[in-house]
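Here is the structure we will look at, set down as structure tokens.
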Amino acid sequence: MRRLLSALGMASIALMSTGPSAAIAQSAAAEISILPTPQGVEIKGSVIGLSEGEVTATMAIVKSDSAGTSNLTQARAVEVRRGDRHIIGQTTLSIQPGGTLSVELSVMQDGAEIATAASTFEP
């Protein structure tokens, strides 16, 4: 574990994106953060309100290392307002050196994807 934290330092990975659709008024952005902790790597997916509306967000995590492969999905609907931040999913996973962690957060509104964020991490 100490080796993992040493390799990561105190760096975090955060991605934020709004989708390319110009036909839909975008009410939210997607954000992923990956932070080292004493227990492993903390993964958090958040939706940030840009205006008012209801959105459904889904965070999918795939972790693959010498211990095997794990697939996790967390999703929920939220009412957003400008400036609001809603955590859609948060978990801590251990990952072995040489492993791969992929995270994707998609935000849907009225059946269309309005925002997405994705990150891949390799210790």
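Taking both residues in full, the closest heavy atoms of V80 and G49 are given as CB-CA, 3.9 Å, listed atom of the first, atom of the second, then distance. When every heavy atom of S46 is checked against every heavy atom of L105, the shortest pair comes out as O-CD2, 3.2 Å. When all heavy atoms of P123 and Q96 are compared, the pair lying nearest together is CG-O, 3.4 Å. Residues I32 and S119 share a closest heavy-atom pair of CD1-N, 4.2 Å. Residue S102 comes nearest to T120 through the heavy atom pair OG-OG1, 3.8 Å, listed as atom of the first residue, atom of the second, then distance.
Checked against side-chain contact (heavy atoms from CB on, under 4.5 Å), T69 has the following partners two or more places apart in sequence or in another chain: V62, S64, N71. Take R81 and apply the side-chain contact (heavy atoms from CB on, under 4.5 Å) test, not counting sequence neighbours, and it matches E52, D84.
With hydrogens and angles ignored, the 3.5 Å screen pairs a side-chain donor or acceptor of R82 with a backbone N or O of L50.
Remark: E42 CD to L35 CG distance equals 6.0 Å, nearest 0.5 Å. Put simply, CG on L101 and CG on L93 are 6.5 Å apart, with the number rounded to the nearest 0.5 Å. Rounding to the nearest 0.5 Å gives a distance of 9.5 Å between OG1 of T56 and CD1 of I114. From I95, atom CD1 reaches atom CD of E122 across 8.0 Å, with rounding to the nearest 0.5 Å. Taken to the nearest 0.5 Å, the CD atom of Q39 stands 6.5 Å off from the OG1 atom of T92. Between K44 atom NZ and T91 atom OG1 the span is 12.5 Å, to the nearest 0.5 Å.
Using a 4.5 Å cut-off on side-chain heavy atoms (C-beta onward), I34 and V103 make contact. Side-chain contact check for I61 versus I43: some heavy-atom pair is nearer than 4.5 Å.
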Verdict with supporting geometry, F121 and V41, side chain to side chain contact (heavy atoms under 4.5 Å, CB included) = CA-CA 10 Å; F121 172 78; V41 179; 4.1 Å; yes

Might you work through the side chain to side chain donor-acceptor pair (under 3.5 Å) test for Q26 and S51, ending with a clear yes or no?
-> CA-CA 7 Å; Q26 304 208 341; S51 66; over 6 Å; no

Scan the side chains in residues 72-79 for donor-acceptor partners under 3.5 Å anywhere in the protein, sequence neighbours excluded, and list what turns up.
unit_1	atom_1	unit_2	atom_2	d
Q74	OE1	Q90	N	3.3
R76	NE	I87	O	3.2
R76	NH2	I87	O	2.9

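Sorted by first and then second residue, the salt bridge (charged side-chain N to carboxylate O under 4.0 Å, His left out) pairs with a member in residues 61-73 read K63-D65; sequence neighbours excluded.
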